[in-house]
Amino acid sequence: MSEFVPCTPSGVSRWTQTTTLDGVSFVLTFAWSQREGRWILDIADAEGAAIVSGLALVTSQPLLRGVVDPRRPRGELIVMDTSGAEDLDPAFADLGDRFALMYVTAAELA
């Protein structure tokens, strides 16, 4: 079943959290890129070893497409616009509010 990944900046431009996806723990680092005007996501395994870095959080695009590391989450991450407009990517204050990070489980993709 799809699940929402908690990710609310609360006014900070960078934070790290441990999140369980399909029963596996991952370290997610969210960072606001002022230069690019967007949120960037890095994913590491539970020990902190990088799996993928620099994923731009853009609306309605499968974020893990093309990530071939076998340690990657088995499902898919997608940024959803809860307003339904899907006309923008999340701005600094929008992540976790108007825009939610959704995880589609491996079972749903099968």
Side-chain angles (χ1 to χ4, degrees):
M1 167 178 254
S2 295
E3 55 193 64
F4 289 99
V5 176
C7 57
T8 304
S10 301
V12 298
S13 60
R14 181 180 177 85
W15 81 94
T16 298
Q17 65 188 48
T18 299
T19 302
T20 301
L21 305 170
D22 276 319
V24 179
S25 292
F26 295 93
V27 178
L28 307 180
T29 301
F30 297 85
W32 175 254
S33 171
Q34 184 68 32
R35 183 175 51 89
E36 295 180 38
R38 68 179 58 205
W39 285 101
I40 303 296
L41 174 64
D42 297 338
I43 302 173
D45 65 17
E47 288 76 40
I51 295 172
V52 62
S53 299
L55 295 174
L57 296 186
V58 295
T59 306
S60 300
Q61 298 293 319
L63 301 178
L64 300 175
R65 180 186 296 165
V67 178
V68 296
D69 190 312
R71 299 168 302 146
R72 65 162 266 178
R74 296 180 308 161
E76 185 59 76
L77 289 166
I78 300 173
V79 176
M80 301 300 296
D81 182 346
T82 61
S83 76
E86 305 207 14
D87 58 344
L88 300 170
D89 293 328
F92 181 76
D94 296 330
L95 187 62
D97 184 27
R98 175 179 170 182
F99 297 91
L101 183 59
M102 186 176 83
Y103 180 69
V104 180
T105 65
E108 286 181 286
L109 294 177

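Being a predicted model, the structure only gives us computed values, none of them experimental.
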Taking atom [atom1] of [X] and atom [atom2] of [Y], what is their separation to the nearest 0.5 Å?
| X | Y | atom1 | atom2 | answer |
| --- | --- | --- | --- | --- |
| Phe26 | Thr18 | CZ | OG1 | 11.5 Å |
| Gln17 | Thr29 | CD | OG1 | 8.5 Å |
| Glu108 | Asp22 | CD | CG | 9.0 Å |

Test item: [X] and [Y] side chains (from C-beta on) under 4.5 Å apart, heavy atoms:
| X | Y | result |
| --- | --- | --- |
| Leu41 | Leu77 | yes |
| Val24 | Arg74 | no |
| Asp87 | Thr59 | no |
| Leu63 | Leu101 | yes |
| Pro73 | Tyr103 | yes |
| Arg98 | Asp81 | yes |
| Asp69 | Val52 | no |

| message | Please check: side-chain N/O of Arg71 versus main-chain N/O of Ala50, any donor-acceptor pairing under 3.5 Å? | response | yes

| said: Has Arg72 got a side-chain atom pairing as donor or acceptor with Leu64's backbone, closer than 3.5 angstrom? | reply: yes

Answer with yes or no whether the hydrophobic clustering places [X] together with [Y]; edges join I, L, V, M, F, W, Y residues whose side-chain heavy atoms lie under 4.5 Å apart.
| X | Y | result |
| --- | --- | --- |
| Ile78 | Leu109 | yes |
| Val12 | Ile40 | no |
| Val27 | Leu57 | no |

| task | Heavy atoms only: give me the nearest Pro90-Trp32 pair and the separation to one decimal. | result | O-CZ3, 3.8 Å

| Between Met102 and Met80, which heavy-atom pair has the shortest distance, and what is it? | CB-CG, 4.0 Å

| said: Using the ring centroid of each side chain, check whether Phe30 and Trp39 are separated by less than 6.0 Å. | reply: no

